[in-house]
Each structure stands twice: as C-alpha cells, then as structure tokens.
Amino acid sequence: MIKFFLMVNKQGQTRLSRYYEHVEINKRTMLEAEVIKNCLSRSKDQCSFIEYKDFKLVYRQYAALFVVVGINETENEMAVYELIHNFVEVLDKYFSRVVSETLTLL
Amino acid sequence: MSDVVEQTLSVLPGLLGQHDPGAGPGGAGGPGRVSATSRLGSLIRSITALTSKHEEEKLIQQELTSLKATVSAPTTTLRLMKECMVRLIYCEMLGYESSFGYIHAIKLAQQGNLLEKRVGYLAVSLFLHENHELLLLLVNTVVKDLQSTNLVEVCMALTIVSQIFPREMIPAVLPLIEDKLQHSKEIIRRKAVQALYKFYLIAPNQVQHIHDKFRKALCDRDAGVMAASLHIYLQMIKENSSGYKDLTGSFVTILKQVVGGKLPIDFNYHSVPAPWLQIQLLRILGLLGKDDPRTSELMYDVLDESLRRAEINHNITYAILFECVHTIYTIHPKSELLEKAAKCIGKFVLSPKINLKYLGLKALTYVIQQDPNLALQHQMTIIECLDHPDPIIKRETLELLYRITNGQNVIVIVQKMLDYLKESKEEYTIINLWFIQTMNSVFSVGGDVVHPDIPNNFLRLLAEGFDGKEDDQLRKYAVQSYLALLEEEDALYPQKFFQVMSWVLGEYSSLVTDVDPEVILTKLHSLLKKTFVTSETKAWIMAAVTKIASCTSCSKTVDKLIQEFSNSLDAYMRQYAFELKHLCEDKALMRNLLPFDASCNDMVVDASLSFLDGFVAERLSHGAAPYKPHHQRQEEKLSQEKALNFEPYGLSFASSVSSSGVTGRQSPTGLSFGSDTSGNSAETGHKETNTLKLEGVRKLWGKEGYLPKKENKAGNENEPQTVSCGSLLAGQVGDPPASQSDQVASLSEEDKEKQQLASTLFIGLGSNAGVSLMGKADTATQKFKRKSKINETQNSEEASDFQNSAVSDFGPLLDTVPINMDDCEGNTHTRLRKASLCSSDIVEDSLAFETPQLLKKSGLDDRLSDSRLSQLSLFADSNIEIFQPSPSAQCESANKTPLVPSLPEELEELTHSEVVELCQSDALALYLCKVWTDDSLLLTVFVSNKTTSALNAVNLVFEEAEHFQILESPTYQFPVIEAQNVERCQKCVWMNKICTQGILSGSVNYQSEMETRLEFSITLSLLDFIRPMEMTTEDFGRLWLSLSNDVKQNIKMSSSQGSLSAALNTLQQKLKLCIIDIIGNEGILACQLLPSVPCLLHCRTHSGMLALWFRSPCSALPDGLLYQCQKVMEES
C-alpha cells in the first residue's frame, strides 16, 4: 500500500506531496523534513529503500529532485521504484518536454 | 497501482496549471490558463527564489491573507474561486493550513461548471479526510453527479467516491454505482469498480451482495476494468482464500495472457507487459495456492512461464521475479520450480547492484523459513552483507538472521543485533528509552544467570557512548530509571543488576540535576545494609558511594557510612570505608582521582612501578630479602615440604589480574588498582631477569603498557592463525572437510574470519549440517556394538586373545573416537606389577578397567551400558579376591608386606591412580587413591589398622586449603576400625583457585591410651581436575566465540612428535583433553575444569612449531593448561 508520494528538492523544499492516508498538516512538514534528511544522507551506492518508522521509503533522484514514496511492508519495493520512473515518464510525455525543464526549475 | 498514478496525475494539472495538458485524464481537460497561469506560476516562482524558511513563511502568510479575503468576498466569481483554490492547495501542500477555504472547495464542486467542479472536487479530496464533517455536504452533489448524463461529471463523482467518502453515506450512492458496473464506457466501469473497492475496504459488509458482479468485472473485456477488480480480489482472497479457489483457473489464464503479451501495447512498460498487473496476479496466486497442492498444480506452468519471460535485465523484471519467487515458495512446493527460484535468488543476492541485493536478501529472508539450506548456500554472502556499509542492507540481513535463530546461534545473533542497535542509535532517539527498559528487564529477569559479558558490555556501551548529547540523555535516562527502581523498598533484584545500577549511579548520577546526591547516597546506604546484598555487590555500591562523594562537598550520609563500616566485620568493607574516609579528607585529590565520566579514558599506569626503584634499592641495601614472585614462593614452599622439586618453574597465574586491571575503573577493584598491578609488574621483572623461559612466557606488559592488542594488529607471523579454527568449523557446514581444508589455505585472513562467523551463525541449520561428524561417530559406535557383543561371548580363556584383537581393532578409530589407548596400556602395566597374585586374571582386570572407559568415550548407548554391566558382573566373580582381600589373607601378609588396600569394584571401573601410601605409624597406615570421576576428584583414603585391637573414633580431618574445596564436610569419623582391617573414606574435591600444583593436608587422630595424631599431605595437580569435554565442532565454534580470555603460544615440536595427530594424541593422553576434530594441520580440543569451566584449545602446526591457542571463561585456566602442555610436549 502506498502511503504518500513526495517530490522534494535537495534544499528540502517540498514540491509536491500527496498523502493517501490522512496526516495532520503540521505532522506532514515534520515528516517531509525527516524523509528528505534520510534520502540526502544516502550515497549513490546505497540502496534506494530506507526503513523509516513503520514504513519503507523508496526514492529516486532526478537531478536535484527526489521522488520519494512511502509504502508499507506489503509492497514490492522494486515495483514501486519502477513506478516512480513510470510516473516521471508519464509526466514527461503528458507535458511533452516542458516537464524536464520544470522539474529542474523546481 | 495504476489508479495511484492516475490520482496523482489528476493533481498535477491543477498545480502546473500553466501548461497546456493536451488531453487530460478522464477527458476533464486542462485548467483555465489566463489568470491561473500568472498567479500560481508567480507564487511558485517567488517561493522557489526564496532562500530561507522564514521568508517562505512570511510570503505564504501574506498569500493566505489575500486569498482569505478573496474567497470570502461575496463578489468573487466561481472562476476566480477556482484560481484561488489552486493556490490554496499549493499553500496547504507546503504545510500551511488553509481551512478557511474548505467550505468554498465544496461549494465550488457543487456549483461550478465542469472545469470549476473538477477543481472543487480535487481540492476537497486533498483538503478533507474520511471523517471530516464537511464531507457530508458533498454527498448530495455526488449523488447528483452520478446521475448526470455528462460522462465527465459521472467520472468526477466516481473518482471522489473512490478517494474519500463517509462510510455511513455509502447506502445513498451504492445502487447508483452498482449500475455503473454495466455502463457502456469502460472508464466508468473501471471507476465504479474502484469506488466499490474503496467501499469494500471501509465497509466490507455493505458490498457483500455484489460479489457476483465483481466476477463480471474480472471477466470484463476491458483490461483496465479487469485490473481494477484485482484489487478487490486480492483483498478478499487475503481474508478468505478458500472461497475463491474456483477462480484460480481464471487468474492463471489472465496471467498467461498478460505474460504472453495479449494486452494492448499501452500496458507495456519498457516492453514488459503490464508488470504491476503481473505482480498483482502473482500475489493472488500465491494466496490461493498456499497449502493447497491441487490448486498449486494449476499454476506451476504459468509460474514457470513467468520466470522464463522475465529474463530481460531490467528492474521491473526483477520486481516480477521477486514476486514469482515469493509465490513459488508460498504455494505447495514443486522441486523443479524451487530450483529455478533458488537460482534466481542466488543471482539477486550476488548481484553488484545494491537494490537487487536488497531484493535478494528479502527473498532469502522469506524463503529461509521453508528451506534453511538455501541460507547455507549463501552464507558467505550473508556474512558480507552483515558488514555492509549500507545500514539498510545490514538491517535486512539481521532480519534474515532473526528467522534462522536457534538455540545454538542465538548468542552470536543477538550480539550482532546489539551491535547494529549501537550503530543506528543516533537515528532512533526513542530507542534510548526502549534500550534501557529492555536491559532493565533482561537484568531483572535474567539476573545472575545472564552471561557475565552482558552487564559488562552494557556498561561499556553506556560509558563509551556514541556522540554528543544523545549519550548524556541515555545515561540520564538510565540513572532516572534506576532511581525509580530503587524507590521501592526491599525490591529484590539480582546481584548483577544491583551492580550495574550502582556503577551507573556512581558514574552518572550527577547528570541528573534535579535529584539531590544526598538522596542517592541514602538509597545506596540503605542498600548496603540489606542482607540480600552479597559482599561483591557491596563493593560495587561502595565504589559508587565514593564516586558520588567526590562530587559533593560534604555529606552526612557519607560520614555516617564511614563511621558505620569502619567497624565492619567484613575486612573489605572496612578497607573501603577507610579509603573513603581518607579520600574525603582531601577533596582535591579525590576529585583528581575520580574525574567525572573518565571511565573510558586511557589510564597511564607505570606497570614497572619504577617509582619504587629507589625504595627497593634502599631496602635491599639495608639487607632486605629480594622480592620473590608468587609462583616462586609457591614452588619453594612445595620444595620445602617435599624433598626436591625437579619441575621447571611454572607460569604464574597472577597475570590473570591483568585483564581485570585493564578494565580498571569499571570494576570496584579499581580503587585498589595499584595493589593489583604490583604483583603483576614484579612478575614482568622476574621474567625479564630470567632469560631461560622467555619462550614460554606470554608477554603481557611492555613499556607502552598492555601489549596483546598491539601484537594482534601487527599481525605477528608466529601467532596462530586467528581464524583457522573458524575455517575448520565452517568446513563442517557445507562441504566435506577434506576438500575444505585445501580451500582454506587459499583464503585470505578476512575470508577466514567471515567463515568463522558463518559457522557460528548457521549452526544447527539444515539437514546436512555436521553430517560428516555425526557419520564418524555413528560408525564408531556401530563397530563398537559389534565388538561388545563378541565381548559377551568371550570366555576367560580367550580373553588375552581378545584384548589383542580389541586393541588392533580400535586402532584405526583412534582419530575419530578419542580412546586413551596408550594410557590404558600404561595402566595395565602398573597393574601387572602390582596384582601379581593371580596371573590369569590380569587380562580381565585390565579389560574391566579398559572397556568401560572405551564405552564412555564412544557415546553412551543404553544397549552398550547394559552389555557393560553384564561384562562387569562376569569379571567381578573372578576378580573379587584381588580387589577385596579377605581378612584372613591380610593377616597372613600383614607382617611381611604392608597391607595394600584396593578400591571397591564400583570405583575400580573408573579411572584412578595407584594406591599409594600416605603415611604410617605403629598403629595406622594411610593409603590414598585418586579416582577421577566425571564430576570431581574423588580422594579415597584408606585407613588401615595395623594393631591387633580395634581402634575407636578415628577422625580424619582435612585442613582448609587455599586452592581446593572439599565438598560436604572436611572431616570424617570412623566409629571403629577392627583389628587388622581397612576402612575407607571418600571425599570429593574441586579446585577453587587455579594453581599448577597444590597441597591438601590433613590429619588422622584416634583414641588410644593417649591422643595420637598422624599428619599427611596430598599433592594435587591441576590435571587432577581436568576432564575431557565432548562436544560437536559446531558447539565448539559457538563456545569459542563467546569466550574472552585467550592465551597463545608456539612450542617447538621434537621430531618424534612430527605430526599434528601425534601431538594431539599426546595432549589427549596426558592432559585428558578431548579431541573434537582434526582437519589438515589444525585440530581442536576441549576440556573442562571441574565442576564446569570449559577450556578450548586450537592447535595448528607449521614448520615444526605447534601453535597453541587457548580460550576459557576463566583467565587463569589457559595459563595453567599451557604450562602443562609445554611440560608434556617436552617430556614426550
């Protein structure tokens, strides 16, 4: 089950967030900050899945932008990892080339 | 999952509204561009341009204020409202509440045109949650839109329903949505299924009646609708798989079609057909086939096909493969598939791609419960992952280890987990509390039976800390929790726990500022007076009091305590009290001596005590005798008592103090640190002057301090290979040992270490573990059974033949079954000399002695012991005259030769020494026989009455000895000893304090005309208390790792001892060590000091040297044994 979907830049600013389970607004900010902290602390040769509280984070980095998905243990991490890419590809196709510029701009 | 993508996508146009979306999902079209573009776009741009969070906050608050004004203004058009809503969504997404706009979002959904309505719905789904009261206002709108003729409106309504809908309002829309299942448009059908899925999740009972319609959806001609229905099925099958077995065929067919590429090309992702759909289907199949051979049968083909098709190297196929493997191991097993799945896991685990490795570990973790052997195959990879730089991989590996934890490897695994915990603690602050609490319960429940290393490790963890603030918080919490525990009057905790508490309170109580140190002191003081506190614990408490006292200026409790214990009967307490008293008089010194939080600081100790040189020189010049080290004094004492001592000087065991000396302040003995080391440094001095025995001396102290660690780092070539033992052990797990030993040679040090770890981790796993060893033992016993049957049939005439055959027969087994053949023969000879009364019985005599020993070694078998009994009784008949000489026979011989008594038959069958004379007087003669029973040294003292009248009340008293402990009472009274008769008494003895040789003295007194007393002394050697310890190689490996004291030494082997096995046999015979295993040039042996202190020995031969490596929980034992080893190796 996917719990949330985040796009955060390297400065830790949230660019897109979508929660599929209700989370209080003030808690969201904290969660996002911690999530990005977790992602930024990882190097390229470490794996793209992180344990975070009761769920797992699957993240992918596109230039300065991180796409992070919070899932529970029933999910297949690799499938989600590819889902992120699928999502980005869809964005790219949907907005044609604009999206890549927009993403870097974000 | 595709719905997730869609939902997310539906958010995007609203956010990135400035771009023309072309064809939006669900045909909703893009949002208006004119005003929205500029407003939202500029908002985003200005936020991006900001550098600080503070500025952002200011900007957004401004924005929100203006938005609030706009939305509440009655003149605001819906179009403007829509634009505001988009910006509100953005603000809220950034974490700024905009609840004032919620109601307007609902209004927009109710009143707007198509585009405005869509934004309204979107805002509602993002702002509100399931239980939000405003949601009820939306229900009517949804009902209206569901009935709309406009497809887009219906779609929007279905979308919001599948996202959030109040549970209690489901009945209002359910019939409408049910109808939509038959809608001609597939997107409507799909969204209806999604809405029903939502209903199923929040109120399963309400959709029970439409299960048939779900089946229709599953068979829908549109793949999207079918895919959506899989969500419902996965959920339903998870809850009750037996109800949907009949659908297995359908799922299998669908998967076949998907895998076969029958779906429209739109479903492809990187040319893999509908991967997420495949995963979903594989999960369903797994649930259906679980524990059901018949259903599983149906899916073998398609699983095989899936495995085959997913061979392209792409992440998404890995995801599918992972799911396949999971399913294959979930359903009823089919060996062919299992094999393929295992291969697949192997590929994952060995992959250099880190994500794949993770997936492999995860799969392995799951699979391992079904097939532990797979873990054995990949054990080296697992060990590598255990030290992986990525903590996530490490964690996953621990998860895996957790699944294979068994009684044999639990200690190592828990240790690994604690290590991990230690590393990851900075990240998880809450763990602090949890950690202390867990340790508290470990200590209070486990108490004094917990492994002694655990409290030490725990304290070290606290003391060494991690970094910065965290540590102090952890310590603070520990102090607080202990204070709370001590709050309870008369709370009874294990001694170890009290010790831990007092150490922590002593070290860190000053961190807790809100508690008066006086309160803590009072608590410790009251604890000191409790009767249940042992003197060891008292020492810890006193140390804590001293430390706390050093931080306080003056304390009534401390004064009271000093006064009270200065008169204590306990000498130690008295000393502590005096120390404390003197320290308190000089606070500056005290603070200097006991600095805060310095337990981990290295202490510079002048081990050579050079500052005393002047003093020593002065004393010597005044005619004082030079200092003699402890062992020298011991030897001298011995030589005074006996005649000459031909033995080389033994190693001193005082060096064992060094280990406690190093930990210094962690133990309460830290206070008297100086006195500990003095003996030690004198030792070194002695060693330095005595160049004779340098080779046998372990160099513990050097100019820089304690040496062993540095030596290890330097990687001394002469050191026994630290890991070779492990490699030897690891060999047992997988391959046959012979080939393994060759491999071992080529492995690097590091690899060997890993193998060692592997052997301890994977102990007791899988069916083939330890097979080779077991096999050996079995053949041995089998041969033996055959033999013993022959035994029974043999009569005494054939006995001598039999003995020969027995010896030759057992010869080849020597390597596998530890039989002390030479020893037996040796005994036979002594017996030959002694028991020359009846020659025909000699053989039987030796047999009777020898056979039980053999039997004991080769594994106890009921049948065997039966046969042994029958044998014994058989022999006993003929031997009885020798063993228990009749009184008449004694009378005859009494005048000529001294009466030599012999053991009763129940002892005769045990290994024992000759009967030797202890002392004699006119009236009495004392004889001694040492019987080495399994659990103690049994001293059998024979008291023989040489007079012609009976002696009354003969008392045998053993004096208390420093090194030995006599079980039960040290005295024995013979009420009467008849004339010319022998009585015997038996005492079980243990060695309390380790020494190479010691004397147990005693006396006999009896009443005759006057009080007569006869003194005697018995020399006991360490070897009297050493017993072989049998264990498996795996057990050995486990134990080896858990032991901390080790001693290494190389000794030269003479040419006669050429091979390892010869050397080991010598050790086995002379020292009663038990050979556990020999592989290549390495051998492992084990023994125990009674009652149960194990000592493990690892031997390795290289270039004429025998590298010995001892390990034992007792620090002095390895030293003692090393000395004995050197002795026997020199002798032989």
Side-chain angles (χ1 to χ4, degrees), chain A residues 1-2 5 9 11-33 37-38 41-53 56 58 69 74-83 85-87 89-91 93-96 98-99 102 105-106, chain B residues 1 4-5 7-9 11-13 15-16 19-25 44-45 47-48 51 53 56 92-97 126 128-132 163-164 269-270 275-276 279 283 314-316 318-320 322-323 326 353-359 362 389-393 395-396 427:
Chain A
M1 187 96 77
I2 293 181
F5 193 106
N9 67 10
Q11 285 77 49
Q13 293 167 307
T14 308
R15 287 292 160 243
L16 175 76
S17 71
R18 174 73 166 101
Y19 290 83
Y20 297 95
E21 253 171 31
H22 182 69
V23 181
E24 301 273 338
I25 287 186
N26 44 3
K27 283 187 184 154
R28 288 183 193 189
T29 328
M30 265 163 51
L31 184 134
E32 283 157 25
K37 205 179 102 194
N38 266 308
S41 69
R42 316 242 332 142
S43 67
K44 279 243 156 50
D45 52 346
Q46 290 187 312
C47 79
S48 317
F49 319 123
I50 322 176
E51 298 261 335
Y52 176 73
K53 296 199 173 151
K56 279 204 174 103
V58 178
V69 182
T74 60
E75 208 65 64
N76 178 331
E77 289 91 342
M78 195 58 107
V80 174
Y81 183 72
E82 283 308 299
L83 180 77
H85 193 66
N86 190 18
F87 170 72
E89 280 181 1
V90 169
L91 280 188
K93 200 165 187 183
Y94 190 78
F95 299 109
S96 68
V98 187
V99 69
T102 319
L105 194 129
L106 291 174
Chain B
M1 232 171 291
V4 171
V5 180
Q7 284 170 14
T8 315
L9 277 178
V11 186
L12 262 139
L15 293 169
L16 308 163
H19 310 295
D20 189 346
I44 293 177
R45 265 189 289 276
I47 289 173
T48 317
T51 47
K53 188 83 191 159
E56 180 192 290
E92 181 142 314
M93 199 191 73
L94 289 178
Y96 301 89
E97 207 193 273
L126 291 172
L128 306 185
H129 57 86
E130 225 117 66
N131 303 316
H132 203 287
Q163 284 169 337
I164 42 167
Y269 173 73
H270 290 256
W276 293 282
I279 288 170
R283 285 207 179 139
H314 190 278
N315 276 336
I316 196 65
Y318 301 145
I320 296 173
F322 172 83
E323 217 59 53
H326 201 277
K353 288 183 189 162
I354 189 81
N355 285 343
L356 214 50
K357 200 180 261 294
Y358 172 90
L359 220 56
K362 198 180 164 190
D390 188 346
I392 304 298
I393 297 284
R395 214 214 81 105
E396 201 58 35
E427 295 169 38

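Just so it is clear, the model here is predicted, and its values are computed rather than measured. Lettering follows sequence order; numbering is per chain, from 1. These numbers come from the heavy atoms of this one structure, side chains and all, not from hydrogens, waters or symmetry mates.
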Per-residue contact mode, [X] against chain A (heavy atom under 4.5 angstrom):
| X | result |
| --- | --- |
| B/Ile316 | both |
| B/Glu56 | side chain |
| B/His326 | neither |

Which atoms of [X] approach chain B - backbone, side chain, both or neither, heavy atom under 4.5 Å:
| X | result |
| --- | --- |
| A/Thr29 | side chain |
| A/Lys56 | side chain |
| A/Asp45 | backbone |
| A/Glu21 | neither |

Nearest atoms (heavy-atom pairs only) where B/Gly95 meets A/Ile25: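 It is O-CG2, 3.4 Å.
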N/O donor-acceptor pair under 3.5 Å between B/Asn315 side chain and A/Glu82 backbone: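 No; judged by distance alone, with no hydrogens or angles, the pair does not exist.
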Is B/Glu396 salt-bridged to B/Lys362, cutoff N-O under 4.0 Å?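 Salt bridge between B/Glu396 and B/Lys362, a charged N being under 4.0 Å from a carboxylate O: no.
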Among [options], single out the residue with the greatest number of heavy-atom pairs under 4.5 Å to chain B.
| options | value |
| --- | --- |
| A/Met78, A/Lys27, A/Met1 | A/Met78 |
| A/Arg28, A/Arg42, A/His85, A/Glu32 | A/Arg42 |
| A/Cys47, A/Ser41, A/Ser43 | A/Cys47 |

Could you pull out all residues at least two apart from A/Tyr81 that satisfy ring-ring contact (aromatic ring centres under 6.0 Å, His included)?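 By the ring-ring contact (aromatic ring centres under 6.0 Å, His included) rule, A/Tyr81 matches no residue at all.
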Parallel under 30°, tilted from 30 to 60°, perpendicular over 60°: which one fits the rings of B/His314 and B/Tyr269?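 Perpendicular, since the angle between the ring planes exceeds 60°.
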Between B/His270, B/Glu130, B/Lys353, who has the most heavy-atom pairs with chain A when the cutoff is under 4.5 Å?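 Winner by heavy-atom pair count: B/His270.
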For A/Asn86 and B/Trp276: C-alpha separation, side-chain torsions, deciding distance, then whether side-chain contact (heavy atoms from CB on, under 4.5 Å) applies. CA-CA 11 Å; A/Asn86 190 18; B/Trp276 293 282; 3.3 Å; yes
Close aromatic pair by centroid cut-off 6.0 Å: A/Phe5 and A/Tyr19: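 No, they do not, as the ring centres are separated by 6.0 Å or more.
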Trace of the side-chain contact (heavy atoms from CB on, under 4.5 Å) decision for B/Ile354 with A/Gln46: CA-CA 6 Å; B/Ile354 189 81; A/Gln46 290 187 312; 5.6 Å; no
